[in-house]
Amino acid sequence: MSEPALVLEDLHHTFFPGSPSEQRALEGVDLVMEERDFVMVVGSNGSGKSTLLNVIAGTLIPDHGRVRIGGRDVTRWPEWRRAGLVGRVFQNPVSGTIGRLTIAENLAVAAKRGIRHGVLRNALGRSRRRELADHVRELGLGLEDRLDTPVGALSVGQRQALTLLMATWVRPTLLLLDEHTSALDPGSTEQIIRLTDRIIRSQGLTTLMVTHSIQQAVALGDRVLIIHRGRVVESIGGARKRRLRVEELLDSFDRLRSADLVDQSAAEMVRRLYI
């Protein structure tokens, strides 16, 4: 039996410990994701969503707990070393690409993910360029004829589509999506969501997606996690997830408030953010 793609055990992380600004960002997060799981994460601002992704990716080292990816204990691994296992797409399209490099050069960098040296050496020969063009053509954006265009000249939607392709070029053990459509206009958002779902399903990727959109949380994925004050306070999967509707997910915040797991102000904030 294969190891789970991701195992998080009792993760804790506190910013500015012992100071007046102390913030407990994660407080005992446990999570198991099997291969091909597609899990959505929602929560109000400051709930710990981005901190969770940063700890998984290695941007932050947890104060306590353990992170296992593909059966490997990576808790103390630096971010660059985890890059061979983890693909990530950020909220800001600029964060995932190098604007001064061309489309082809960015894809060559992506093909060497997790390797520290010799990134572009022998990476852009004629046969390699044909391969790059074939992959870029699958985006349906006409970029296969613009491989020598600097990425900084692309629209934000095109750049985010390219970032998604780069994050999955070398099939990651785990794909992290950090509110990756929140900076896009509605048309680009719809395009990127369709592309995201197609890539995840066609490649059978294990994916953890943080979203600011309740509609996305309902429509995508196999499970929804609600995070508040650094804890997973509800997990919705199986038949319940398949039947889930927007109002039902919003009602979950109200029920949690009534159970004193989520306070009234946080529940109201979520409603303002997501509807």
Side-chain angles (χ1 to χ4, degrees), residues 38 40-43 45 49-54 56-60 79-80 82-83 86-114 119-120 123 132-133 135-172 174-203 205 207-217 219-221 273-274:
F38 185 0
M40 309 295 293
V41 180
V42 296
N45 288 340
K49 305 185 301 296
S50 291
T51 300
L52 178 64
L53 263 58
N54 284 333
I56 295 170
T59 309
L60 294 173
E79 186 174 14
W80 72 264
R82 296 190 206 188
V86 177
R88 188 172 184 181
V89 183
F90 295 88
Q91 177 177 343
N92 186 347
V94 173
S95 300
T97 51
I98 304 171
R100 68 180 184 277
L101 298 185
T102 66
I103 292 173
E105 289 167 340
N106 270 272
L107 290 172
V109 171
K112 299 292 186 178
R113 190 176 70 234
V119 171
L120 295 177
L132 296 180
H135 280 281
V136 173
R137 187 174 291 110
E138 296 175 3
L139 296 178
L141 300 175
L143 298 179
E144 63 273 11
D145 298 321
R146 300 177 59 188
L147 292 183
D148 294 321
T149 299
V151 167
L154 302 181
S155 70
V156 291
Q158 290 172 329
R159 195 158 178 174
Q160 197 67 316
L162 184 65
T163 301
L164 184 60
L165 182 62
M166 291 171 62
T168 57
W169 188 275
V170 176
R171 189 180 188 277
L174 179 67
L175 176 63
L176 302 178
L177 304 175
D178 191 357
E179 297 192 6
H180 70 304
T181 64
S182 63
L184 306 179
D185 61 74
S188 296
T189 294
E190 184 178 351
Q191 184 179 49
I192 293 298
I193 286 299
R194 286 198 306 268
L195 180 63
T196 297
D197 195 47
R198 176 164 61 82
I199 288 176
I200 290 170
R201 298 302 182 187
S202 64
Q203 296 189 29
L205 298 176
T207 306
L208 189 65
M209 175 175 166
V210 169
T211 181
H212 67 292
S213 167
I214 287 291
Q215 287 80 7
Q216 291 177 11
L220 300 173
L273 285 172
Y274 291 141

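Just so you know, these numbers use all the heavy atoms, side chains as well, and skip hydrogens, waters and symmetry mates.
Minimum heavy-atom separation, Leu175 to Ala167: CD1-CB, 4.1 Å. Between Ile192 and Leu164, the closest heavy-atom pair is O-CD2, 4.5 Å. When all heavy atoms are compared, the tightest approach of Pro93 to Leu184 is CG-CD2, 4.2 Å. What you find for Gln158 and Arg146 is that their closest heavy atoms are NE2-NH1, 3.9 Å. Closest heavy-atom contact between Arg137 and Glu144: CA-OE1, 3.4 Å. Residues Leu139 and Ala161 approach most closely at CD2-O, 4.0 Å, considering heavy atoms.
Using modelled atom types, one side-chain atom of Gln160 and one backbone atom of His180 make a donor-acceptor pair closer than 3.5 Å. Checking side-chain atoms of Lys49 against main-chain N and O of Val41 turns up no donor-acceptor pair under 3.5 Å.
One finds the CG atom of Asp185 at 10.5 Å from the CD atom of Glu190 (value rounded to the nearest 0.5 Å). Rounding to the nearest 0.5 Å places CG of Asn106 at 7.5 Å from CZ of Arg159. Atom OG1 of Thr97 and atom CD of Glu105 lie 12.5 Å apart (nearest 0.5 Å). In this structure, CG in Asp178 is found 10.0 Å from OG1 in Thr211, a value given to the nearest 0.5 Å. Atom CD1 of Ile199 sits about 8.5 Å away from atom CD of Glu138, to the nearest 0.5 Å.
Looking only at atom types and distance, the side chain of Arg88 has a donor-acceptor partner in the side chain of Asn54 under 3.5 Å away.
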- Item | side chain to side chain contact (heavy atoms under 4.5 Å, CB included) evaluation trace for Leu176 with Leu174 | CA-CA 7 Å; Leu176 302 178; Leu174 179 67; 3.7 Å; yes
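Under the side-chain hydrogen bond (donor to acceptor under 3.5 Å, both in side chains) test applied with Thr181, the options Gln191, Gln216, His212 reduce to a single match, Gln216. Each of Asp148, Leu154, Leu132 was compared with Ile103 under the side chain to side chain contact (heavy atoms under 4.5 Å, CB included) criterion, and only Leu154 meets it.
Using a 4.5 Å heavy-atom threshold, the side chains of Asp197 and Phe38 count as touching. Between Leu141 and Leu162 the shortest side-chain heavy-atom distance does not fall below 4.5 Å. When side chains are defined from C-beta on, His135 does not count as touching Leu107, because their heavy atoms never get closer than 4.5 Å. Ile200 places a side-chain heavy atom less than 4.5 Å from the side chain of Leu177.
More than 12 heavy atoms of other residues, nucleotides or ligands lie within 6.0 Å of CZ in Arg171, so this atom counts as buried by the packing criterion.
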